[in-house]
Peer 1: 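Structure in structure tokens, see below.
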Amino acid sequence: MVKIFTDSTSDLSKELLEKYNIGVIPLYIHLGDEEYKDGDEIGIQDAFKWSDENKTTPKTAACSVDDVIKAIEPYKEAGDDVIIFTISGEMSSTLQVMRMAAEEMEYEDHVFVIDSRNLSTGIGLLIMEAAVMAEDGKSAEEIVAKVNEYIPKSRASFVIDTLVYLARGGRCSAVAALVGGMLNIKPKIVVKDGAMGVDKKYRGPYKKVILQYAKDLEPQMLNAKKDRVFVTHTPCDDGIVESVVDYVKSLNYFDDVIVTEAGTTIGSHCGPNTLGVLFIEK
């Protein structure tokens, strides 16, 4: 048997996690001196409220080695192979923690830690491919080899309504450079080579901008794997998510248009009214 794990930054819904038997090892969210497990103990609205009150972004931290060992131990005892997906090694130390845990358990020959070079459902797309292959009885080695082919083709981008949260967190220097100099800019953030950068700058009402963003992605979407596309978002104003989902469905291209809400780790850095369309190009 091959067991698939992810850290909590992949933003897959509980329904998908349960359907494909995917385990989650949560990162930690620090609100001042208080520590919470992402997804288990804190919601995104709590993080926004704390951020606005304290004028800073919550700190996020990797899971502990002990957390990983506790999650993997039953599968070691059963002699199963384990594949773990992590947020880009450029963005977090989670990758190193996972590898350290496998070494400490002396089970590294059976634990395959994959650096997604991505975030959010850019990771989720890879996990879904792996989970389907695991269901089909593929070996861990076969799954890892195929996933490694998909990693450079996983397209993650999103548009944010406000620069405040990313600027506070300092995770995207290109965004910090925009703050103070450009009003009403809605930047398109793209993950490339494992890091975030500003790709395009939109202006105007967010609902109009977000639909234009989706339309701009159409040529890429029509050159994507047809299996699935994610529309992933933080809490948005009424109608924004629906307008993008309706547009993507109107292309009559993807077999499945999956809507997910970003977790606290990702969402706390982006702020409300953030939305992305994510897919794997051919």
Peer 1: State, yes or no, whether a side-chain contact exists between Asn21 and Lys3 at a heavy-atom distance under 4.5 Å.
Peer 2: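 Yes, side chains in contact.
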
Peer 1: Could you grab the distance from atom CZ of Phe112 to atom CD1 of Ile4, nearest 0.5 Å is fine?
Peer 2: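 Between atom CZ of Phe112 and atom CD1 of Ile4 there are 10.5 Å.
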
Peer 1: Could Glu281 and Lys153 be called an ion pair, given the rule that one side-chain N must be under 4.0 Å from one carboxylate O?
Peer 2: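 So Glu281 does not pair with Lys153 through a salt bridge.
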
Peer 1: Filter on salt bridge (charged side-chain N to carboxylate O under 4.0 Å, His left out), then keep only pairs touching residues 87-104, sequence neighbours left out; what's left?
Peer 2: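 Non-adjacent pairs meeting salt bridge (charged side-chain N to carboxylate O under 4.0 Å, His left out): Glu90-Arg117.
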
Peer 1: Would you say the side-chain atoms of Thr234 pair up with the backbone N or O of Gly271, donor to acceptor, closer than 3.5 Å?
Peer 2: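 At least one qualifying donor-acceptor pair exists.
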
Peer 1: Does Tyr253 reach the main-chain N or O of Ala224 with its side chain, forming a donor-acceptor pair under 3.5 Å?
Peer 2: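 Looks like yes, one N/O pair under 3.5 Å.
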
Peer 1: Do the non-hydrogen side-chain atoms of Lys76 and Val82 ever get within less than 4.5 Å of each other?
Peer 2: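 No, too far: nothing below the 4.5 Å cut-off.
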
Peer 1: I need the full list of ring-ring contact (aromatic ring centres under 6.0 Å, His included) pairs touching residues 52-96, with sequence neighbours left out, sorted by first then second residue.
Peer 2: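 Applying ring-ring contact (aromatic ring centres under 6.0 Å, His included) to every pair that reaches into residues 52-96, excluding sequence neighbours, yields Phe5-Tyr75.
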
Peer 1: Can you measure from NE2 (His30) to OH (Tyr28) and round to the nearest 0.5 angstrom?
Peer 2: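 One gets 8.5 Å once the value is rounded to the nearest 0.5 Å.
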
Peer 1: Give a yes or no on whether the backbone of Asp67 and the side-chain of Ser64 come within a donor-acceptor separation of less than 3.5 Å.
Peer 2: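 Yes; judged by distance alone, with no hydrogens or angles, the pair exists.
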
Peer 1: Checking Thr274 side chain against Ile160 main chain: does a donor-acceptor pair fall under 3.5 Å?
Peer 2: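 No; zero donor-acceptor contacts below 3.5 Å.
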
Peer 1: Using modelled atom types and a 3.5 Å cut-off, is there a donor and acceptor pairing between side-chain atoms of Asp11 and backbone atoms of Gly263?
Peer 2: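 A pair under 3.5 Å: yes.
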
Peer 1: If you group Ile, Leu, Val, Met, Phe, Trp and Tyr by side-chain heavy-atom gaps below 4.5 Å, do Ile151 and Leu278 land in one group?
Peer 2: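 Both belong to a single hydrophobic cluster.
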
Peer 1: Would you say Leu217 and Ser157 make side-chain contact, with heavy atoms under 4.5 Å?
Peer 2: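 In contact.
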
Peer 1: Is a side-chain N or O of Tyr213 found less than 3.5 angstrom from the main chain of Val277, in a donor-acceptor match?
Peer 2: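 At least one qualifying donor-acceptor pair exists.
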
Peer 1: Is any side-chain N of the basic residue among Glu149 and Lys146 closer than 4.0 Å to the acidic one's carboxylate O?
Peer 2: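 Yes, Glu149 and Lys146 are salt-bridged.
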
Peer 1: Heavy-atom distance under 4.5 Å between the side chains of Tyr206 and Leu275, does that happen here?
Peer 2: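 The answer is yes, as the side chains (C-beta and beyond) meet within the 4.5 Å cut-off.
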
Peer 1: Which heavy atom of Ser51 sits nearest a heavy atom of Pro58, and at what distance?
Peer 2: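 Scanning both residues completely, I find the closest heavy atoms to be CB-CD, 4.0 Å.
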
Peer 1: How many angstroms lie between NZ in Lys225 and OG in Ser154, if you round to the nearest 0.5 Å?
Peer 2: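 Rounded to the nearest 0.5 Å, the NZ-OG separation comes out at 11.0 Å.
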
Peer 1: Are Val231 and Thr121 close enough that some pair of their side-chain heavy atoms sits under 4.5 Å apart?
Peer 2: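 Val231 vs Thr121: side chains apart.
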
Peer 1: Quick one: hydrophobic cluster around Tyr36, which other residues, with the 4.5 Å side-chain cut-off, linked directly or via members?
Peer 2: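 Ile29, Leu31, Ile42, Trp50, listed by chain and number.
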
Peer 1: Given the rule in the salt bridge (Lys or Arg N to Asp or Glu O under 4.0 Å) test, do Glu242 and Lys207 qualify, once you have shown the distances and angles that lead to the verdict?
Peer 2: CA-CA 11 Å; Glu242 292 80 0; Lys207 190 169 184 177; over 6 Å; no

Peer 1: With Asp161, which residues qualify under salt bridge (charged side-chain N to carboxylate O under 4.0 Å, His left out), at least two apart?
Peer 2: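 Partners of Asp161 by the salt bridge (charged side-chain N to carboxylate O under 4.0 Å, His left out) criterion, ordered by chain and then number, come out as Lys186.
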
Peer 1: Can any side-chain N or O of Asp199 pair as donor or acceptor with the backbone N or O of Ile189 at less than 3.5 Å?
Peer 2: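 Between the backbone of Ile189 and the side chain of Asp199 there is no qualifying donor-acceptor contact (under 3.5 Å).
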
Peer 1: State which residues pass ring-ring contact (aromatic ring centres under 6.0 Å, His included) with Phe158; sequence neighbours excluded, sorted by chain then number.
Peer 2: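 Listed in chain order: nothing, the list is empty.
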
Peer 1: With sequence neighbours excluded, what pairs up with Tyr107 under the ring-ring contact (aromatic ring centres under 6.0 Å, His included) test?
Peer 2: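 Scan of Tyr107 (ring-ring contact (aromatic ring centres under 6.0 Å, His included), adjacent residues dropped) gives His110.
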
Peer 1: When you check the side-chain N and O atoms of Tyr202 and Asp216, is any donor under 3.5 Å from an acceptor?
Peer 2: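 Yes, Asp216 and Tyr202 have a side-chain donor paired with an acceptor closer than 3.5 Å.
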
Peer 1: Kindly check if the number of other-residue, nucleotide or ligand heavy atoms within 6.0 Å of NZ (Lys282) is above 12?
Peer 2: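 Correct, the count exceeds 12.
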
Peer 1: Going through the checks in order, is the side chain to side chain donor-acceptor pair (under 3.5 Å) test met by Gln96 and Ser93?
Peer 2: CA-CA 5 Å; Gln96 286 74 24; Ser93 62; 5.4 Å; no

Peer 1: Could you check whether Lys49 pairs with Glu53 (Lys NZ or Arg NE/NH1/NH2 to Asp/Glu carboxylate O, under 4.0 Å)?
Peer 2: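 Yes.
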
Peer 1: With a 4.5 Å heavy-atom cut-off, do Ile44 and Glu261 have their side chains touching?
Peer 2: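 Yes, side chains in contact.
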
Peer 1: Under a 3.5 Å distance rule, please check whether Asp38 uses its side chain to pair with a backbone N or O of Thr264 as donor and acceptor.
Peer 2: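 Here the side-chain-to-backbone pair exists.
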
Peer 1: How long is the straight-line distance from CG of Leu95 back to OG of Ser92, given to the nearest 0.5 Å?
Peer 2: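 Between atom OG of Ser92 and atom CG of Leu95 there are 8.5 Å.
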
Peer 1: Whether the side chain of Asp256 engages the backbone of Ile258 through a donor-acceptor N/O pair (distance < 3.5 Å, no angle test) should be reported.
Peer 2: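 No.
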
Peer 1: With the 4.5 Å side-chain cut-off for hydrophobic clustering, are Ile280 and Ile127 part of the same group?
Peer 2: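 Yes: a chain of side-chain contacts under 4.5 Å links Ile280 to Ile127.
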
Peer 1: Side chains of Met98 and Ile25: closer than 4.5 Å at any heavy-atom pair?
Peer 2: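 They are in side-chain contact.
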
Peer 1: Kindly compute the distance separating CG (Leu27) from OG1 (Thr265), expressed to the nearest 0.5 Å.
Peer 2: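 It is 5.0 Å, given to the nearest 0.5 Å.
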
Peer 1: Any donor and acceptor pair, going by atom type alone, linking the side chain of Gln212 with main-chain N or O of Lys208 inside 3.5 Å?
Peer 2: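 No; judged by distance alone, with no hydrogens or angles, the pair does not exist.
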
Peer 1: Hey, are Lys138 and Asp136 close enough for a salt bridge, meaning a charged N less than 4.0 Å from a carboxylate O?
Peer 2: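 Salt bridge between Lys138 and Asp136, a charged N being under 4.0 Å from a carboxylate O: no.
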
Peer 1: Between Ile143 and Ile83, is there a side-chain heavy-atom distance shorter than 4.5 Å?
Peer 2: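 Side chain of Ile83 against side chain of Ile143, heavy atoms only: contact under 4.5 Å found.
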
Peer 1: Might you point out which heavy atoms bring Gly267 and Phe48 nearest each other, and give the distance in Å?
Peer 2: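 Nearest heavy atoms, Gly267 then Phe48: O-CE2, 3.3 Å.
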
Peer 1: Can you tell me how far SG of Cys236 sits from CG of Asn273, rounded to the nearest 0.5 angstrom?
Peer 2: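 That separation rounds to 5.0 Å.
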
